[in-house]
Amino acid sequence: MNFEEKIRAGKFVVTAEVTPPRGVDISSFIEKTLLLKDRIDAVNVTDFQNVGVRITSLVGSYLLLREGVEPIFQITARDRNRVAISGELLSASALGINNVLVLTGDYTTTGIAKSAKPVFDLDTVNILVLAKRLEEGEDFSGKKLNKSPEFFLGAVFNPNLKPLDLEIWKLKKKHMVGAEFFQSQLFFALPLIEEVREKVGKDIKILAGVTVFKSLQMMNYMLNSVPGVEIPKIVIEKIEKSTDVRRTGIEICAELCQKIKESKLLDGVHFLASRPKDILEVLNILGW
């Protein structure tokens, strides 16, 4: 079963994100990602993460597909207009890449290339609409395609943002126009997801964002520089007092993943900003 089939069948799935290389040597990128092969269900390839210049998500996704790893192609609105987005979506399908995670993207001033001019021709909702129109056999201008692509479309969701009702409204809107799965921002509060489930129902597929804090610096960066991240005081204290932060981070993550699975509130977990070897240790602890 592929990623889409597993989610539709109600299986608890595991995904993770990897970052393409900054340069043309792909050996380390492939080697590290292959550690996850046969251990997780799909791998997100980030799209110009932190507004940095890297190999594109499309190329990174294809490189992984060639190695037998099922990719989730990420595409953001920040760096492309609707013509480029349409072209990349068609290219992905032509290469056999059907899983697509759609994001609007952070503003350029939040990342490395602060002087880059943002595009934002479309937002997430409009990209989803565009993708569905391609599936129906025509582009945004009404030109017919010689063959229609097929996508399994996803989007992101942040349960930490307030007001929560606004985030739920955004989630429902994305679902209505085509998003069939959601990956959340890092979160720790299961009662929050209980509230989300009450308002969106059980049919919308949501994967919980989790991470392994490999250092105190990483935790502080995510807490202070990544929009919409909330870390409980008890987790902060454990990391700050730890003599082996990486080990503590792995144990915290494993405990959270187990609670998420046992809660039956969510459809899987998605590892954010975590090294493949750390993810493997979490999976080994859990016996997954």
How many angstroms lie between atom [atom1] of [X] and atom [atom2] of [Y], to the nearest 0.5 angstrom?
| X | Y | atom1 | atom2 | answer |
| --- | --- | --- | --- | --- |
| Met222 | Gln217 | CE | CD | 14.0 Å |
| Asn158 | Leu161 | CG | CG | 3.5 Å |
| Leu265 | Ile206 | CG | CD1 | 9.5 Å |
| Gln258 | Ser263 | CD | OG | 10.5 Å |
| Leu216 | Lys241 | CG | NZ | 13.5 Å |
| Asp121 | Asn126 | CG | CG | 9.0 Å |

Do the non-hydrogen side-chain atoms of [X] and [Y] ever get within less than 4.5 Å of each other?
| X | Y | result |
| --- | --- | --- |
| Ser28 | Lys32 | yes |
| Phe140 | Val83 | yes |
| Ile168 | Leu166 | no |
| Thr248 | Val245 | no |
| Phe48 | Thr46 | no |
| Gln185 | Phe157 | no |
| Trp169 | Leu171 | no |
| Leu64 | Val45 | yes |

(request) Output the rest of the hydrophobic cluster of Phe181: all Ile, Leu, Val, Met, Phe, Trp and Tyr residues reachable through side-chain heavy-atom contacts under 4.5 Å, sorted by chain and number. (result)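 Members alongside Phe181: Phe3, Ile7, Val13, Ile72, Leu101, Leu103, Phe152, Val156, Leu207.
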(message) Which residues end up grouped with Met1 if you chain together Ile, Leu, Val, Met, Phe, Trp and Tyr wherever their side-chain heavy atoms are less than 4.5 Å apart?
(response)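 Its cluster mates, by chain and number: none.
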Closer than 4.0 angstrom, basic N to acidic O: yes or no for [X] and [Y]?
| X | Y | answer |
| --- | --- | --- |
| Lys143 | Glu138 | no |
| Glu5 | Lys11 | no |
| Arg197 | Asp267 | yes |

(message) Given 3.5 Å as the limit, does a donor-acceptor pair link the side chain of Lys162 with the main chain of Asn160, or not?
(response)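 Flag set: sc Lys162 to bb Asn160 pair under 3.5 Å.
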(request) Could you tell me whether the side chain of Ser274 and the main chain of Thr211 form a donor-acceptor pair under 3.5 Å? (result)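 A pair under 3.5 Å: no.
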(request) Using salt bridge (charged side-chain N to carboxylate O under 4.0 Å, His left out) as the criterion, list what pairs up with Asp25, not counting sequence neighbours. (result)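 Salt bridge (charged side-chain N to carboxylate O under 4.0 Å, His left out) check on Asp25 returns nothing, list empty.
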(request) With sequence neighbours excluded, tell me which residues meet salt bridge (charged side-chain N to carboxylate O under 4.0 Å, His left out) with Lys6. (result)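 Only Asp41 meet the salt bridge (charged side-chain N to carboxylate O under 4.0 Å, His left out) criterion with Lys6.
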Linked, directly or transitively: [X] and [Y] (ILVMFWY side chains, under 4.5 Å):
| X | Y | result |
| --- | --- | --- |
| Ile234 | Phe213 | yes |
| Val196 | Val229 | yes |
| Val125 | Phe151 | yes |
| Ile97 | Leu34 | no |
| Val18 | Leu58 | no |

(message) Strictly by side chain to side chain donor-acceptor pair (under 3.5 Å), give each pair with a member in residues 147-156 just once, sequence neighbours left out.
(response)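 Non-adjacent pairs meeting side chain to side chain donor-acceptor pair (under 3.5 Å): zero.
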(request) Sequence neighbours left out, what pairs pass side chain to side chain donor-acceptor pair (under 3.5 Å) with at least one residue falling in residues 53-70? (result)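 The answer is Glu70-Asn99.
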(request) Only one of Thr19, Val43, Ile26 passes side-chain contact (heavy atoms from CB on, under 4.5 Å) with Thr33; say which it is. (result)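 Exactly one option meets the side-chain contact (heavy atoms from CB on, under 4.5 Å) with Thr33, and it is Val43.
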(request) Given side chain to side chain contact (heavy atoms under 4.5 Å, CB included), test Ile260 with Leu256 step by step and report yes or no. (result) CA-CA 6 Å; Ile260 289 169; Leu256 178 60; 3.8 Å; yes
Contacts of [X] that satisfy side-chain hydrogen bond (donor to acceptor under 3.5 Å, both in side chains) - sequence neighbours left out:
| X | value |
| --- | --- |
| Thr76 | Asp47 |
| Ser115 | none |
| Glu251 | none |
| Glu255 | Lys259 |

Nearest heavy-atom pair of [X] and [Y]: which atoms, and what distance?
| X | Y | result |
| --- | --- | --- |
| Phe187 | Ala208 | CE2-CB, 3.3 Å |
| Gly154 | Leu128 | O-CD2, 4.3 Å |
| Lys199 | Lys172 | O-NZ, 2.9 Å |
| Ser184 | Leu272 | O-CD1, 3.9 Å |
| Phe271 | Cys253 | CE2-SG, 3.6 Å |
| Thr124 | Ala155 | CG2-CB, 4.3 Å |

(request) Please say whether more than 12 non-hydrogen atoms of neighbouring residues, nucleotides or ligands are located less than 6.0 Å from NZ in Lys261. (result)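 Enclosed.
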(request) For atom NZ of Lys114, decide whether the heavy atoms of other residues, nucleotides or ligands shown that lie under 6.0 angstrom number more than 12. (result)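 Atom NZ in Lys114 is crowded, with more than 12 foreign heavy atoms closer than 6.0 Å.
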(message) Test side chain to side chain contact (heavy atoms under 4.5 Å, CB included) on His270 and Val210; report intermediate values, then the result.
(response) CA-CA 6 Å; His270 174 58; Val210 299; over 6 Å; no
(message) Please identify which of these residues, Lys205, Arg8, Lys174, meets the salt bridge (Lys or Arg N to Asp or Glu O under 4.0 Å) condition with Glu180.
(response)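 Only one option passes, and that is Arg8.
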(request) Answer with yes or no whether the side chains of Asn44 and Gln183 bring together a donor and an acceptor at under 3.5 Å. (result)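 Yes, a side-chain donor-acceptor pair sits under 3.5 Å.
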Tabulate below the donor-acceptor pairs under 3.5 Å that side-chain atoms of residues 84-95 make, not counting sequence neighbours, or state none.
residue	atom	partner	partner atom	Å
Ser86	OG	Arg82	O	2.7
Glu88	OE2	Arg80	NE	3.2
Ser91	OG	Gly87	O	2.7

Only distances under 3.5 Å count here; give the side-chain donor-acceptor pairs of residues 278-288 to other protein atoms, sequence neighbours excluded, each with its distance to 0.1 Å.
residue	atom	partner	partner atom	Å
Asp278	OD1	Arg246	NE	2.6
Asp278	OD1	Arg246	NH2	2.9
Asp278	OD2	Arg275	NE	3.0
Asp278	OD2	Arg275	NH2	3.2
Glu281	OE1	Arg247	NH1	2.7
Glu281	OE2	Arg246	NH1	3.4
Glu281	OE2	Arg246	NH2	2.5
Asn284	OD1	Arg39	NH1	3.2
Asn284	OD1	Arg39	NH2	3.0
Asn284	ND2	Leu280	O	3.2

